[in-house]
Trainee: 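Here it is, the structure, as structure tokens.
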Amino acid sequence: MRETICCLSLLAVPSAHAQVAPALPQSGDVVRASDDAFGRRIGIEEVGLYTESEVRGFDLQSAGNYRIEDHYYVRAAGMLQPVTQGTAIRVGANGLRTDFAAPSGVVQYDLPDGSPGAQATIETGWWGGSGPVMLMRAAAGTHDEGLSLAGGLQIGAQQNYTDGTGGDFFAAGLIPRWSPAPGVRLTGIWSHNWFTRGADTYFSSPDAAPPEVTRDIDRTQPWMDASNQSELIGAMADVDGGAGWSFGASAFLSTLDYRRSVFNLIRLPTAVAPAEASGLLFGEEGRRSFSAEITAAKRFSTGAIDHRLVAMARRRESVVRSDPGVAFMLGPYPDLDAVPELPRPPITLDPRRVRDDVWQWTGGLGYRLSIGDTAELRADLQHVSYRKQARGLDGTTMRETSRPWLYGAALSVGITRALIGFASYARGLEEAGVAPANAVNRGAVLPAAISRQVELGIKYAFRGGPTLIAGLFDLAKPLPGIDAEGAFGFVGEVRHRGAELSLAGPVTPRLNAVLGATWLDARIEGELVDNGVIGDQPIGRPAVMALANLTWRLPNVKGLTIDGGVSIRSERYADRQNRTTLPGYAVFNLGLRQRFEVDGYPLTLRARVANLTDRFVWNVGNSGLFTTNTPRVLTLTVTGEI
């Protein structure tokens, strides 16, 4: 909702998002933990072609493709470090076994667990791009593994971010687990964060690719402070009923509340005019997502064939209360490196709020057939009742209901003991949006958009070595926009076709690698392209992405590991009309990890330089606005285990 408002008011801006604090470093080796090159995160360290918010060029937030330990989860804010053990993006061959899989794959969150006895870690130091950090984790469990408790506290006071702003970040979380009977496991989750910082700053350059600017400079005003809080409360139950039966249930409530936020826009200078600053001021806003799921599965065999039947019911309720914001102008900035201090303009916030509600029920049946290591077939069918309601500032309410059928299937065949071929098809449901104020059908609600995905590939496991995954994919979904008559609706289709290559695992007993590449052919079809309103390629989508990450445990120095990597992106369009491109780039990282003991207590020293060559990069969002990348920064932390 805020994206539409800002686009209309200030040229175009990206959607409002929780100012997600940087994750705290952890001592885990993310390269050694990765089984593919598509996406893995441990602490602040991540490796992969894709991120938690974008896979294969599409946004996962609108599709809701998130799971907490395989349980359906709709998030209002990102997961916090005190309750996150790690994150994995499951696509291609490694996503085939996901029940009720969706296009673009699934993001899987893993939670910490308490083993028998008591353990604790304290990690502290300096994280480049942020400042002093501390994360305390603790876990304890009974010796019969019937009861455990894990949790953590993250402290990031007086942070100094690479965009020149500062603030505080605090987060806490608990994960209790209880097994009241054999085969029964109950898990709870609670987390909360408090975050303050300066405004988000974006740049625009209407006529050409923007020139470089100096990073590490605060270009906000003192009154441009922002703060938010997020909370997650949930419970999960996993039951082994015996005789092949298993049951699952979960419920999560995710909330995100803004006290105030500011959007700071700087129009970069042209040959005849200086830079100019403007923005939007927002008051209190809130997001709330409730998601619940019940599953029942039955496994049985007939001769050499194993079968699995699963039934699922899901419920989702989401509410967004958003402030349309008040636009303001600050005037010219003759010198971008010396921003003048200006008073807050005399503007008044509107107490009214735009409200967006979604109610969704989903029922599904799935079937899986396995013939040893020879072949596996998965098929599922879902029926969705989706209702969206939007209420404008004037109290006008618009509704839309969709009841689509979704289905998917996947087949994997063991060609040899090491080589597997796979193919899959999936249909998914995504939110499509509400007509903006400049549309003749202002406030109209679009029905749910149906996306679809086809993929085909192979997976080969080298004996004692890495695993190779190669695949082709084809994704498509409707494109919302304003047509020639000024009405908001589906005006075309966005289609992403591409190829992926992943090689991950041990190369030698001491050397691990994560290598990956993807080629993407992203195209837009429809009347907006035909009429010349936009180009036929989406903004900000590089045709080629590649990465190479290595971790080497030195043979002559006990506990010492050296790691390095490079991330490559080809050129991409910087505007919707496809007139301007941003150059391709490569960013290098280098680090080391030293494990040792002091009085019998394990310690890990971690040092890492990100953006080793200090390469300057412009990132462009879907709205056509720009942000800079992080300059060269050093992370230095020490982790103690007790």
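FYI, the numbering just counts along the sequence from 1.
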Trainee: Counting only N and O atoms by type, is there a donor-acceptor contact under 3.5 Å from the side chain of Arg541 to the main-chain atoms of Gly57?
Mentor: yes
Trainee: Donor-acceptor pair, Asp323 side chain versus Gly283 backbone, under 3.5 Å?
Mentor: yes
Trainee: How long is the straight-line distance from OH of Tyr386 back to OG1 of Thr362, given to the nearest 0.5 Å?
Mentor: 11.5 Å
Trainee: Step by step, work out the ring pair (Phe, Tyr, Trp, His ring centres under 6.0 Å) result for Tyr202 and Phe626.
Mentor: CA-CA 6 Å; Tyr202 296 88; Phe626 301 92; over 10 Å; no
Trainee: Start with the C-alpha distance between Arg67 and Tyr73, add both sets of side-chain angles, then the distance that settles side chain to side chain contact (heavy atoms under 4.5 Å, CB included), and finish with yes or no.
Mentor: CA-CA 5 Å; Arg67 305 288 184 269; Tyr73 169 53; 5.8 Å; no
Trainee: Gln158 and Asp168: side chain to side chain contact (heavy atoms under 4.5 Å, CB included), yes or no, with the steps?
Mentor: CA-CA 5 Å; Gln158 298 182 350; Asp168 300 319; 4.2 Å; yes
Trainee: Taking all heavy atoms of Gly481 and all of Val491, pick out the closest pair and write down the distance.
Mentor: O-CG1, 3.6 Å
Trainee: Quick one: do the Gln389 and Arg399 side chains pair a donor with an acceptor below 3.5 Å?
Mentor: yes
Trainee: Is any NZ, NE, NH1 or NH2 atom of the basic residue among Glu52 and Arg41 found under 4.0 Å from an Asp or Glu carboxylate oxygen of the other?
Mentor: yes
Trainee: Is it true that a side-chain atom of Ser451 and a backbone atom of Lys477 form a donor plus acceptor pair closer than 3.5 Å?
Mentor: no
Trainee: Under a 3.5 Å threshold, yes or no: a donor from one side chain and an acceptor from the other, between Ser570 and Arg572?
Mentor: no
Trainee: Side-chain contact test, heavy atoms from C-beta onward, threshold under 4.5 Å: evaluate it for Leu393 versus Pro324 and give yes or no.
Mentor: yes
Trainee: Is a side-chain N or O of Gln159 found less than 3.5 angstrom from the main chain of Ala157, in a donor-acceptor match?
Mentor: yes
Trainee: So is Arg75 actually on top of Tyr66's ring, under 6.0 Å and inside 45° of the axis?
Mentor: yes
Trainee: Output yes when a side-chain donor or acceptor of Arg40 lies under 3.5 Å from a complementary backbone atom of Thr87, and no otherwise.
Mentor: yes
Trainee: Return yes if a side-chain donor-acceptor contact under 3.5 Å exists between Arg316 and Ser318, otherwise no.
Mentor: yes
Trainee: How long is the straight-line distance from CZ of Arg427 back to CG of Leu429, given to the nearest 0.5 Å?
Mentor: 9.5 Å
Trainee: Would you call Ile266 and Ser204 a side-chain contact if the rule is heavy atoms closer than 4.5 Å?
Mentor: no
Trainee: For the side chain of Ser227 and the backbone of Thr196, is there at least one donor-acceptor N/O pair under 3.5 Å apart?
Mentor: no
Trainee: Testing Asp337, Asp163, Asp614 for salt bridge (charged side-chain N to carboxylate O under 4.0 Å, His left out) with Arg215, which one passes?
Mentor: Asp614
Trainee: Short question: side chain of Asn264, backbone of Asp200 - any donor-acceptor pair under 3.5 Å?
Mentor: no
Trainee: Less than 4.5 Å apart, side chain to side chain, heavy atoms only: is that true for Leu280 and Val326?
Mentor: no
Trainee: Under a 4.5 Å cut-off applied to non-hydrogen side-chain atoms, are Glu493 and Leu479 in contact?
Mentor: no
Trainee: Is there a donor-acceptor pair closer than 3.5 Å between any side-chain N or O of Gln221 and the backbone N or O of Pro340?
Mentor: yes
Trainee: For the residue pair Ser104 and Asn65, what are the closest heavy atoms and their distance?
Mentor: CB-ND2, 4.4 Å
Trainee: For Asp257, check salt bridge (charged side-chain N to carboxylate O under 4.0 Å, His left out) against everything at least two apart and list the hits.
Mentor: none
Trainee: Going through the distances and angles, do Thr220 and Arg197 end up as a side chain to side chain contact (heavy atoms under 4.5 Å, CB included)?
Mentor: CA-CA 11 Å; Thr220 67; Arg197 61 161 295 172; over 6 Å; no
Trainee: Walk me through whether Arg523 and Glu525 qualify under salt bridge (Lys or Arg N to Asp or Glu O under 4.0 Å).
Mentor: CA-CA 7 Å; Arg523 298 287 173 177; Glu525 299 176 348; over 6 Å; no
Trainee: Restricting to non-hydrogen atoms, name the atom on Ala209 and the atom on Leu582 that form the minimum distance, rounded to 0.1 Å.
Mentor: CB-CD2, 4.0 Å
Trainee: Taking Lys388 first and then Glu431, would you say they form a salt bridge - that is, a charged N and a carboxylate O separated by under 4.0 Å?
Mentor: yes
Trainee: Between Ser230 and Asn193, does any side-chain donor sit less than 3.5 Å from a side-chain acceptor?
Mentor: yes
Trainee: Any luck finding a side-chain donor-acceptor pair between Arg56 and Gln453 under 3.5 Å?
Mentor: yes
Trainee: Would you call the rings of Trp618 and Phe203 parallel, tilted or perpendicular, where under 30° means parallel and over 60° means perpendicular?
Mentor: perpendicular
Trainee: Aromatic ring centroids of Phe328 and Trp223 under 6.0 Å?
Mentor: yes
Trainee: Any side-chain heavy-atom pair from His496 and Phe58 closer than 4.5 angstrom?
Mentor: yes
Trainee: Given the rule in the side chain to side chain contact (heavy atoms under 4.5 Å, CB included) test, do Ile68 and Leu111 qualify, once you have shown the distances and angles that lead to the verdict?
Mentor: CA-CA 8 Å; Ile68 297 179; Leu111 307 180; 3.9 Å; yes
Trainee: Have a look at Thr255 and tell me which of Gln229, Glu231, His192 forms a side-chain contact (heavy atoms from CB on, under 4.5 Å) with it.
Mentor: Glu231
Trainee: Take Arg387 and Glu400, measure what salt bridge (Lys or Arg N to Asp or Glu O under 4.0 Å) needs, and give me the verdict at the end.
Mentor: CA-CA 6 Å; Arg387 183 160 64 99; Glu400 181 67 39; over 6 Å; no
Trainee: Salt bridge or not for Arg259 and Asp225, using N-O below 4.0 Å?
Mentor: yes
Trainee: Spell out, as yes or no, whether a donor-acceptor pair under 3.5 Å connects the side chain of Thr396 to the backbone of Gly392.
Mentor: no
Trainee: I need the minimum non-hydrogen distance between Tyr72 and Glu293, along with the two atoms involved.
Mentor: N-OE1, 3.3 Å
Trainee: At what distance, to the nearest 0.5 angstrom, does CG of Asn228 lie from CZ of Phe169?
Mentor: 8.5 Å
Trainee: Is any side-chain heavy atom of Phe252 less than 4.5 Å from a side-chain heavy atom of Leu232?
Mentor: yes
Trainee: How far does CD1 of Ile482 sit from CG of Leu528, to the nearest 0.5 angstrom?
Mentor: 9.0 Å
Trainee: Would you give the length of the straight line joining atom CH2 of Trp190 to atom CD1 of Ile233, rounded to the nearest 0.5 angstrom?
Mentor: 9.0 Å
Trainee: Is there a donor-acceptor pair under 3.5 Å between the side chain of Arg353 and the backbone N or O of Glu284?
Mentor: yes
Trainee: Please name the pair of heavy atoms, one in Asn611 and one in Asn629, separated by the smallest distance, quoted to 0.1 Å.
Mentor: ND2-ND2, 3.4 Å
Trainee: Does Thr165 reach the side chain of Arg219, with side-chain heavy atoms less than 4.5 Å apart?
Mentor: no
Trainee: In Å, rounded to the nearest 0.5 Å, how long is the span from CZ of Phe170 to CD of Gln154?
Mentor: 10.5 Å
Trainee: A side-chain contact here means heavy atoms from C-beta on lying under 4.5 Å apart; do Leu153 and Met134 qualify?
Mentor: no
Trainee: Please name the pair of heavy atoms, one in Ile347 and one in Ala327, separated by the smallest distance, quoted to 0.1 Å.
Mentor: CG2-O, 4.2 Å
Trainee: Would you please test Ser278 and Arg267 for side chain to side chain donor-acceptor pair (under 3.5 Å) and show each step?
Mentor: CA-CA 8 Å; Ser278 60; Arg267 291 176 171 85; 3.0 Å; yes
